[in-house]
Amino acid sequence: FDATGLATGTYNFTYTVAALGPCPLSQTTISVEVMAAPEAGIAVVIPAICDTDAIDLYTLGLTGADVGGTWTDDDTSGGALSGNSFDATGVTVGTYDFTYSVVLGTCPPDTETVQVTVVRSPDSGVAVSPSITVCTTNTSLDLDAGLTGADVGGTWNDDDATGGLTANMFDATGLATGTYNFTYTV
């Protein structure tokens, strides 16, 4: 019996042995229930995520999959895997495989593997000091020197629109005494 292509449902098959001499024929009926096969879906390319992100593997990584399956972290990435959610916080940069497995009834399980590439998050660093004091006659303060651990290539923003910022250099000449804020973004 090949159930390929059949609709789900119950199919009855009768086995008949012809009558022999004075004995009547003999029949037995067997019912076969055809169930839908589990579907783990088709893997979809997941855009790279940062090592601080959490994603839903089911929503982002599969199309056409049955709900209720389970995920396995094939490479033991070190991230937190709970239900469909993968949290890459603290995971080493790299590409990791996750396999989704669906089991329905007595049918063999169906599996699909998705890949997640984890990249390093940009780091704007930490301020060496919460504030820097300069005189209103100071013509060149390198704001980069006020950070530690920052990635290069970011940009500075003059949050208070002082007009004294050029690239990473701050010129306090002519500004009123006060506190001015600058943000570094990578």
Subject >> Distance-only polar pair, side chains of Asp159 and Thr183, donor-acceptor under 3.5 Å >> reply: yes
Original post:
What is the distance from atom CG of Asn181 to atom OG of Ser131, rounded to the nearest 0.5 Å?
Top reply: 10.0 Å
**OP:** Write down the atom of Pro108, the atom of Pro38, and the distance for their closest heavy-atom approach.
**Re:** O-CG, 3.1 Å
Subject >> Residues Asp158, Phe182; criterion side chain to side chain contact (heavy atoms under 4.5 Å, CB included); working and verdict >> reply: CA-CA 5 Å; Asp158 186 346; Phe182 301 91; 3.5 Å; yes
**OP:** Check whether more than 12 heavy atoms from other residues, nucleotides or ligands sit under 6.0 Å from atom CD1 of Ile42, and answer yes or no.
**Re:** no
**OP:** Verify the neighbour count for atom CD1 of Ile30: are there more than 12 heavy atoms of other residues, nucleotides or ligands below 6.0 Å?
**Re:** no
**OP:** State, to 0.1 Å, how close Tyr100 and Ala65 come at their nearest heavy-atom pair, and which atoms those are.
**Re:** CE2-CB, 4.0 Å
Original post:
Is the closest side-chain heavy-atom distance between Phe98 and Ile46 below 4.5 Å?
Top reply: no
**OP:** Of all the heavy-atom pairs spanning Ala19 and Leu25, show the shortest one and how long it is.
**Re:** CB-N, 3.6 Å
Original post:
Would Val67 end up clustered with Leu57 when hydrophobic side chains under 4.5 Å apart are linked, directly or stepwise?
Top reply: yes
Subject >> Partner of Trp156 under side chain to side chain donor-acceptor pair (under 3.5 Å), chosen from Asn168, Asp144, Thr185 >> reply: Asp144
Original post:
Are Leu6 and Val32 grouped together when hydrophobic residues (ILVMFWY) are joined by side-chain heavy atoms under 4.5 angstrom apart?
Top reply: yes
Original post:
Considering all heavy atoms of both residues, which atom of Met169 and which atom of Ser140 are nearest to each other, and what is their separation?
Top reply: CE-CB, 3.7 Å
Original post:
Heavy-atom distance under 4.5 Å between the side chains of Leu143 and Tyr184, does that happen here?
Top reply: no
**OP:** May I ask whether Val103 and Leu62 are part of the same hydrophobic cluster, defined by side-chain heavy atoms of I, L, V, M, F, W, Y residues being less than 4.5 angstrom apart, directly or through others?
**Re:** no
Subject >> Qualifying residue, where the test is side chain to side chain donor-acceptor pair (under 3.5 Å) with Gln115 and the options are Asp97, Asp75, Thr95 >> reply: Asp97
**OP:** Using only heavy-atom distances, determine whether the side chains of Asp171 and Thr139 contain a donor-acceptor pair under 3.5 Å.
**Re:** no
**OP:** Consider only side-chain N and O atoms of Asp74 and Thr99, and report whether a donor and an acceptor are under 3.5 Å apart.
**Re:** yes
Original post:
Out of curiosity, Thr117 OG1 to Ile49 CD1, how far, rounded to the nearest 0.5 Å?
Top reply: 8.5 Å
Original post:
In terms of hydrophobic clusters joined by side-chain contacts under 4.5 Å, are Tyr58 and Tyr96 together?
Top reply: yes
**OP:** State whether a side-chain donor-acceptor pair under 3.5 Å links Asp160 with Thr162.
**Re:** no
Original post:
Taking all non-hydrogen atoms of both residues, which atom of Val186 and which atom of Pro122 are closest, and how far apart?
Top reply: CG1-CB, 3.5 Å
Original post:
Taking the side chain as C-beta and beyond, is there a heavy-atom pair between Trp71 and Val114 under 4.5 Å?
Top reply: yes
Original post:
Between Asp51 and Arg120, is any pair of side-chain heavy atoms under 4.5 Å apart?
Top reply: yes
Original post:
Any donor-acceptor pair under 3.5 Å linking the side chain of Asp66 with the backbone of Glu39?
Top reply: yes
**OP:** Answer yes if Leu147 and Val134 sit in the same cluster of Ile, Leu, Val, Met, Phe, Trp and Tyr residues linked by side chain heavy atoms under 4.5 Å apart, and no otherwise.
**Re:** yes
Subject >> Asp56 and Ser85 side chains, donor-acceptor separation under 3.5 Å >> reply: no
Subject >> Test item: Phe170 and Ile132 side chains (from C-beta on) under 4.5 Å apart, heavy atoms >> reply: no
**OP:** Indicate the atoms forming the closest heavy-atom contact of Leu104 with Ala36, along with that distance.
**Re:** CD1-O, 4.0 Å
Original post:
Is there side-chain contact between Val116 and Val118, with heavy atoms separated by less than 4.5 Å?
Top reply: yes
Original post:
Can you check whether Thr59 reaches Asn84 side chain to side chain, under 4.5 Å on heavy atoms?
Top reply: no
**OP:** Could you verify whether a donor N or O on one side chain and an acceptor N or O on the other, from Gln27 and Thr16, lie under 3.5 Å apart?
**Re:** yes
